[in-house]
There are 2 protein chains.
Amino acid sequence: MPIKPSDQIMHKAAWLYYMHGLRQDEVAKQLDISRASVALYLRRARDSGIVTISTSTDLFSHETLARELEDLLGLTSVWIVPEDRQALDPAAEMPVLAATVFLDLVRKGDKVGVAWGKTVYHIADVMPFADLNGVTVVQLCGNLGAPYSYRPDQCTTEIARRLNAQGINFYAPLVLSSERLAEELRAEPMIREQLASIAECDLALYSVGGIEADSHLVKCGALTPEEMRSLGERGAAGVIAGQIIDVEGRLMDCAHNRRCISADLGSIKAIPKRIMVVQEDNKYEPLVAAIKGGFASHLIVTASMGKRLKERFATSK
Amino acid sequence: MPIKPSDQIMHKAAWLYYMHGLRQDEVAKQLDISRASVALYLRRARDSGIVTISTSTDLFSHETLARELEDLLGLTSVWIVPEDRQALDPAAEMPVLAATVFLDLVRKGDKVGVAWGKTVYHIADVMPFADLNGVTVVQLCGNLGAPYSYRPDQCTTEIARRLNAQGINFYAPLVLSSERLAEELRAEPMIREQLASIAECDLALYSVGGIEADSHLVKCGALTPEEMRSLGERGAAGVIAGQIIDVEGRLMDCAHNRRCISADLGSIKAIPKRIMVVQEDNKYEPLVAAIKGGFASHLIVTASMGKRLKERFATSK
DNA sequence: GAAGGTATTTGACTTTTGTCAATCGCCTCG
DNA sequence: CGAGGCGATTGACAAAAGTCAAATACCTTC
C-alpha cells in the first residue's frame, strides 16, 4: 500500500498545530481544508499516539514517576525524592519535604494524628515554626519506655510546639505484658475517648515499620527477635502505629496486637489525608503491605523505592 | 534546593490534562485551584517542554522527516518514499506517488509545465486516466533528436493523453549548434510566445538532472563528457529543463545554456506549485542546487535522500 | 450507469480554553 | 509594625476548539 494521503494530512495538521503552535483555523487555511476537518485530524493524531506527554527531562522524570504511582496505587499525591539528594544527607531532604507537605495539607482547626519512629522524629526536627492555632496534634499509639530515643510523645509534643498547636499525649504504654490488662486499659474512659477521637482526625503523619530483628518493636523490648521471626513466618509484613500487619495490610491476629494500646487500624484508614513517609529502601515489603491496606493517601519515597513500587503494582493488574 | 512545589502542581496538572484527558475545570477541581491557574500551569508545562509531539512510531518517522524538511527547506509539501519500497521496485512506488500528488494538485483550467527525463517519463507511465478537460500541458524545454528514449514531447503528450487534457508541444530542438541560431529561434514569434506562456503555468512537474559523464545531456549528444567535466569544474551542479545550474541554483554563464531553447529559469521559479521528483540517490548535489535555486515547492524523495537533505540544511543555518 | 453504502467534509452551534486586569497573600525593608 | 513590592491567583470576557447533523464525494456492486 502506498503512503496514505490521510495520514500525511493528519500528520501535517498535527505538526503545524503542535510543533508550530498555529491555531486550528490557521492550519485549516494553510492546508486548505475546513477548521472542522483540522479538529478531526488532530483528534485522530492524538488517538494514534502521535502526541504524548514527554518525560525526557531529568527534572520531570521523578514527577512522571510520581504521577504514575498516583495512578497505579490510587493515591492522592506522591512525592519522589531524588536518589542522589537522599544519599547526600539522608536525614535532611526527605524530612524537609515531608514537613513542607505536611504544612501544606494542614488546615486551621484540623486534628492531626502522629505516629512514632525515626522518620517522624526527623520530620518533627525540621518542621518550621508556624502559627497554627486551633490545630490539635494527637498521638496515634501508646508510649514506649523512657530509654528509647524516638518516643511517640516526643514526636507529638515537638510538632505541636513548632506549630503552636495543642498537643494531646497518650497516657498509656504502647505494649502491655498481658492481653487482659490491655483490654481493661482500653476500656478506661479516658483512654477509650482518646482512641475514639483518632477517627476524627483530618490528617495523619507516619511511616511504616519493618519486622527485622533490629526493628523498633524489638529494640524497645516489646517483642523478642524470635517472636518477630515467628510472626514473619506467619505472614507479618510491617508495623503501623505499633501494630503488626500482614502482607495484605490487615491487622495480624496475634498476641502482640492484642497487648497493644494503639489506634484502631480502621480509624486510621478513615482519616482523609494519610501522609506516609518512607526513607529506608529496606522498608519495601512493609510499604507494599501498608499501601495494600490503604494506610496512605499521600506518599513520600525515594526514587528507587518509587521505581520498585511501580514495577510491583504495574504487573499486579 | 528542594523539589519546587510549583513544579509538582504544574506537572500534575499537565498529567491529568494530557494523560488522563480531563478538562481544565476537572483538573482545577481535583487540584483545588481555579481553572485559570490550570490554564497557566499548562502553558508553563508546554513552555518547559513537557508536552511534545512524539515521533516514535515507524509509520510516522517518515512523516516527521517530511515535516522537518518542509520547515528546513521552506517547502510547501514533502513526501518521503520508504527505502525498502523504493528498493523493491524502483520504477513503481515513487512515480505512483508522484502521479497521485500531481493529480491532487492539478485543478481544472490549470496550465501545467512538464520537463523531461527518465523520472518524468515513469510518472507519465503510471499516471491514471482522468478527465481533466480544460487543463493544458506544456513542454518546459525544447526537443531532443529522435533516437533518445525519454523525449520531452513524449512526456508531455502521454500525460496530456491520460488526463484528457490539451498537450502543447515545443517545436524546437533543445540544443542548437550555435548561439546565434538559438538566439534567432528564441526571437521567433511562435517560440517566444510559447516560452513566455510558461510563466503562466500553475503547476510544474520535473526532476533535476545530474552532470556526470553518463547524464542525459551527454548521452543525447548535447555535450561531450569533456565539456561536462569542465562545467563541473566551473561550479556546475545540476540540470533544470536542459539548462545547467551552479551549486547555488543559478543559471550558469556558459555556451551550452546560450545554445539552449528552454524555459527561462525565472519563469519556472514563478510557477506557484513546482513538484520536484528525485528517484536516484546520486542526484544529491543536483537536488541541493535545485532547492537552493527555489525550483521546488513540492518535493518527493527517498528516505535516505531526505535524511541527507536534513543534515545538509540543518547545519547550514 | 444507477443504486447503495461508506467515509469525508463542512457549517452552525456549544463547550472549553486563553487572556488580562484586578485582587490577594506573602515577604521584605524601613 | 505598617508600607510597599512582587509573584501567585482569580473572575469575567474573548477567542478557540469540540461536536454533530447534514451534505457531499467516493467507491463498490449490480
Side-chain angles (χ1 to χ4, degrees), chain A residues 1-48 50-51 53 99-108 128-134 163-164, chain B residues 1-48 50-51 53 96 99-108 128-133 163-164:
Chain A
M1 184 175 50
I3 296 161
K4 262 166 87 183
S6 67
D7 271 358
Q8 203 229 13
I9 205 158
M10 175 185 82
H11 195 270
K12 221 158 159 169
W15 188 266
L16 291 170
Y17 187 75
Y18 290 108
M19 297 297 274
H20 286 231
L22 299 189
R23 291 194 315 267
Q24 291 190 356
D25 55 353
E26 293 176 311
V27 175
K29 212 170 89 188
Q30 185 143 352
L31 300 182
D32 200 32
I33 52 179
S34 75
R35 200 193 54 73
S37 294
V38 173
L40 177 76
Y41 289 133
L42 290 180
R43 158 177 290 286
R44 285 202 200 145
R46 285 190 294 264
D47 291 348
S48 36
I50 293 187
V51 179
I53 187 167
T100 308
V101 169
F102 177 85
L103 275 181
D104 210 53
L105 290 175
V106 71
R107 294 277 170 276
K108 289 217 166 185
F129 289 86
D131 184 18
L132 287 168
N133 223 293
L163 302 182
N164 194 24
Chain B
M1 185 175 55
I3 294 162
K4 263 166 85 182
S6 67
D7 271 359
Q8 203 230 13
I9 205 159
M10 176 186 82
H11 196 272
K12 220 159 160 168
W15 188 267
L16 291 171
Y17 187 75
Y18 289 108
M19 297 295 276
H20 286 234
L22 299 189
R23 290 194 313 268
Q24 291 191 358
D25 54 354
E26 294 176 310
V27 175
K29 213 171 91 189
Q30 186 144 350
L31 300 182
D32 200 31
I33 53 180
S34 75
R35 201 193 55 72
S37 293
V38 173
L40 176 77
Y41 289 134
L42 290 180
R43 158 177 289 286
R44 286 203 198 145
R46 284 189 294 264
D47 291 348
S48 31
I50 293 187
V51 180
I53 186 165
V96 168
T100 307
V101 169
F102 177 86
L103 274 181
D104 210 52
L105 290 175
V106 72
R107 294 277 170 274
K108 289 217 166 185
F129 289 88
D131 184 18
L132 289 168
N133 222 294
L163 302 183
N164 194 23

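Lettering of chains follows the sequences in order, A, B, ..., and the numbering in each one begins at 1. What you see is a predicted model; the values in this text were computed from it and never measured. Values below: all heavy atoms of this structure, side chains included; hydrogens, waters and symmetry mates excluded.
- Atom CZ of B:R44 is separated from atom P of C:dG18 by 14 Å (rounded to the nearest Å).
- B:L22 CG to B:Q30 CD: the interatomic distance, rounded to the nearest 0.5 Å, is 6.0 Å.
- Under a 3.5 Å cut-off, the side chain of A:S37 and the backbone N or O of A:I33 do not form any donor-acceptor pair.
- The distance between atom CG of B:L42 and atom P of D:dA16, rounded to the nearest whole Å, is 18 Å.
- Taking atom CE of A:M10 as the reference point, atom C1' of C:dA7 lies 16 Å away to the nearest angstrom.
- Here the closest non-hydrogen pair linking B:A130 and B:L103 is CB-CD2, 4.4 Å.
- One interatomic measurement links the two molecules: CG of A:D104 to P of C:dC26, which rounds to 11 Å at whole-angstrom precision.
- A:Y18 and A:R46 are linked by a side-chain donor-acceptor pair at a separation below 3.5 angstrom, with hydrogens and angles left out of the test.
- In the region residues 22-37 of chain A, proximity to DNA chain C at under 4.0 angstrom, judged on heavy atoms, holds for A:I33, A:S34, A:A36, A:S37.
- Contact between B:Q24 and B:L42 at its shortest, heavy atoms only, is NE2-CD1, 3.5 Å.
- Of all nucleotides listed (C:dT9, C:dT19, D:dT9), C:dT9 comes nearest to the side chain of A:L40.
- Considering every non-hydrogen atom in both A:Y41 and A:M10, the closest pair reads O-CG, 3.5 Å.
- Between C:dC20 and B:R43, no contact under 4.0 Å exists linking OP1 or OP2 to a side-chain N or O.
- OP1 or OP2 of C:dT17 sits under 4.0 Å from a side-chain N or O of B:Y17.
- Checking the phosphate oxygens (OP1, OP2) of D:dT9, a side-chain nitrogen or oxygen of B:Y41 falls inside 4.0 Å.
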